[in-house]
Each structure stands twice: as structure tokens, then as C-alpha cells.
Amino acid sequence: MLEYGPTIVHESREHHTATVILLHGLTGSAEDWGQRLPEVEVPHIKLIAPNAPLRPITLDLGEGSGKTYRGWYDLDGVGAAKFREAMDGKDFDPEGLREAEAYLRGLIADEVAAGIPEHRIALVGFSQAGRLVLKTFATYEPTLAGVAGLSTWLAPQDLEATPAALARPIFLAHGDADDLVPYATGEETRDVLLKAGAKDLEFKTYPGLAHERCTEEMHDLRAFLLRALPA
């Protein structure tokens, strides 16, 4: 059984009426979001940044294949060729993805039990976590408030969306210099969601940005959260 790490919780500064769950990328940690939380905080919103479990990762990240990192599920490659395969139907670790989705659904359920209804909860994910939050959001019932996927992908076979979810706000952001999850994959992800019937989708491009986040993107994310979760 994989153990999830400690969670960073940034309580709302005013009356708590909404919650955002922010997931880090492969090899990252909750601290990646912890350092960014002041850029996206909104007075009435509680921010939760959980840690993925430590797991063996097939992708060689410079120390050899099979080394242990924090990850929501396994990856065996990145780059244009690998994501072409993924978008064409070759899955990344479906069992690991199901386990991660169950964990995320548990976090959502905890917030609901604490008094925050589903329509006041939004999800944010970077890189491999973006796929996780997009997939979870699309099938969650009752429908969540909105979802943001940063530098990420969602293949057609990942998407089993309800019409109600596709009517909610969706924010996608991608740097056009990303060589890990290519910008073209981000554009294709946008098209997958639009073809499925997304009604309120914003796709933002950040010129010169690689596989990382930037201050402008965080400001855009905050604006999106305010729109999805108004006071």
C-alpha cells in the first residue's frame, strides 16, 4: 500500500465558503504549490496541496529507471513521440491512475463532510496531475465548480464526461517551449474537451515557457478561481 505524504493546508483568511485542491507534478511535492499559494490565494477559499506517494518511476530522470520519486502514477516516457502514443490510446499506468483518483475523491469527500458542497470545490493539477484532475472532474457527481490543468494532457480515452461537468469552467495553460509535455499535446487536449462538448474552456499560451509555472500563469489561475468560486 502506497503512503501519501503530508498535506499543506492554507486556511481561508475570511469565512470559508470554497476549497481548491492543488496537485503537484512528477518528482515534485506539496511544497511546489506551498511556495505559490500566496500568488493564488483568495480570502474566502481554503487551499489544499497534498503530496503524492513515493513510488518507483519507470522513466529515467537521470538516475536510472525504477528510481523512487513522488508521483501520482507511473510514467515511462515524455516528449513528442511518447505523447503521440498516449493521445492515440497507449495508456500510462491505468491502475496507478485509478488509485490516485480514489485518493483525490477522498479529499473531495472530506471537504463535503466538513460542509463545503461539491459546487464550491475546484481542482488544479500540474503536469501528470493535470490529467488526474481533468479526468476526475469530468466524471465527478455532483458536479464540481471547475478545473485547471497546467502543462498537461488528456487523451480521448481518458474522457468520460458528464454534460453537467462540461458546462463548468475549465482552464488550460501551457508554455509553447514545453519539451516534456509538448505544446501541441496541450492544444490537442483542448480540442478533445471542446469536441466532447466543453462550454466554458479557456486555453492560455505562455510564450517561451518550458515545463514549469510562471507568475503570469499564477495570476491567470487566481482570476480563474475567482470566476469559478466567486465570494
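What you see is a predicted model; the values in this text were computed from it and never measured.
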Considering all heavy atoms, the nearest A122-L229 contact: CB-CD1, 3.9 Å
Residue pair T68, R55: steps toward the side-chain contact (heavy atoms from CB on, under 4.5 Å) verdict: CA-CA 5 Å; T68 299; R55 65 169 72 238; 5.8 Å; no
Side-chain donor-acceptor pair present, T19, R120, cut-off under 3.5 Å: no
Short side-chain to backbone donor-acceptor contact, T185 and V181, under 3.5 Å: no
Close side-chain approach of R190 to V192, heavy-atom, < 4.5 Å: no
Note: D91-R131 ion pair, threshold 4.0 Å (strictly below): yes
Within-4.5 Å side-chain heavy-atom neighbours: M87 and Q157: no
Intermediate values then yes/no, side-chain contact (heavy atoms from CB on, under 4.5 Å), L104 and V133: CA-CA 8 Å; L104 178 55; V133 299; 4.1 Å; yes
Salt bridge R36-D32, side-chain N to carboxylate O under 4.0 Å: no
Distance-minimising heavy-atom pair for A30 and P50: CB-O, 3.7 Å
SB check D158 K135 (cutoff 4.0 Å): no
Between OG1 on residue T215 and CE on residue M218, distance to nearest 0.5 Å: 8.5 Å
Ring centers of F92, Y73 separated by less than 6.0 Å: no
Passing option when K46 is tested against E11, E41, E111 for side chain to side chain donor-acceptor pair (under 3.5 Å): E111
Value rounded to 0.5 Å, distance of CZ in F203 from CG in L193: 11.0 Å
Non-hydrogen atoms of E14 and S12 that approach each other most closely: O-OG, 2.9 Å
Separation between NZ of K90 and CD of E85, rounded to the nearest 0.5 Å: 4.5 Å
Rounded distance [0.5 Å steps], CG in L150 versus CG in L172: 8.5 Å
Salt bridge flag under 4.0 Å for residues D60 and K67: no
Under 3.5 Å donor-acceptor, D76 side chain and L59 backbone: no
Under 3.5 Å donor-acceptor, E3 side chain and P53 backbone: no
Side-chain donor or acceptor of S29 paired with backbone N/O of E31 under 3.5 Å: yes
Hydrophobic cluster identity match, V40 and L226, side-chain contacts under 4.5 Å: yes
Q35 vs W33, side-chain contact (heavy atoms from CB on, under 4.5 Å): CA-CA, chis, key distance, verdict: CA-CA 5 Å; Q35 297 168 11; W33 277 115; over 6 Å; no
Linked, directly or transitively: I48 and V112 (ILVMFWY side chains, under 4.5 Å): yes
Evaluation steps, side-chain contact (heavy atoms from CB on, under 4.5 Å), between D178 and L180: CA-CA 6 Å; D178 192 333; L180 298 183; 3.7 Å; yes
Distance-only polar pair, side chains of H24 and T27, donor-acceptor under 3.5 Å: no
Side-chain heavy atoms of L23 within contact of I21, under 4.5 Å: yes
T58 and D74 side chains, donor-acceptor separation under 3.5 Å: yes
same_hphob_cluster(V78, L209) at 4.5 Å side-chain heavy-atom cutoff: no
For the student: nearest non-hydrogen atoms of A196 and L166, plus distance: O-CD1, 3.2 Å
Sidechain N-carboxylate O distance under 4.0 Å for R168, D200: no
Heavy-atom side-chain contact between Q128 and L132 under 4.5 Å: no
For L154 against T189, the heavy-atom pair lying closest together: N-OG1, 3.0 Å
Parallel, tilted or perpendicular: rings of H174 and Y183 (30°, 60°): perpendicular
Inter-residue atom distance S127.OG - E212.CD, 0.5 Å rounding: 12.0 Å
Transitive ILVMFWY side-chain link I57 to L54, under 4.5 Å: no
T143 and H119 side chains, donor-acceptor separation under 3.5 Å: no
Nearest-0.5 Å distance that lies between atom OG1 in T7 and atom CG in L107: 6.5 Å
Side chain to side chain, V20 and L123, heavy atoms closer than 4.5 Å: no
Y4 and N51, any side-chain heavy atoms less than 4.5 Å apart: no
Check: T162/Y140 side-chain N/O donor and acceptor closer than 3.5 Å: no
Shortest non-hydrogen contact between P56 and G66, atoms and distance: CB-O, 3.7 Å
In one Ile/Leu/Val/Met/Phe/Trp/Tyr side-chain cluster, 4.5 Å: F137, L201: yes
Pi-cation contact, F126 with R213 (under 6.0 Å, within 45°): yes
Ion pair E101/R98, N-O distance below 4.0 Å: no
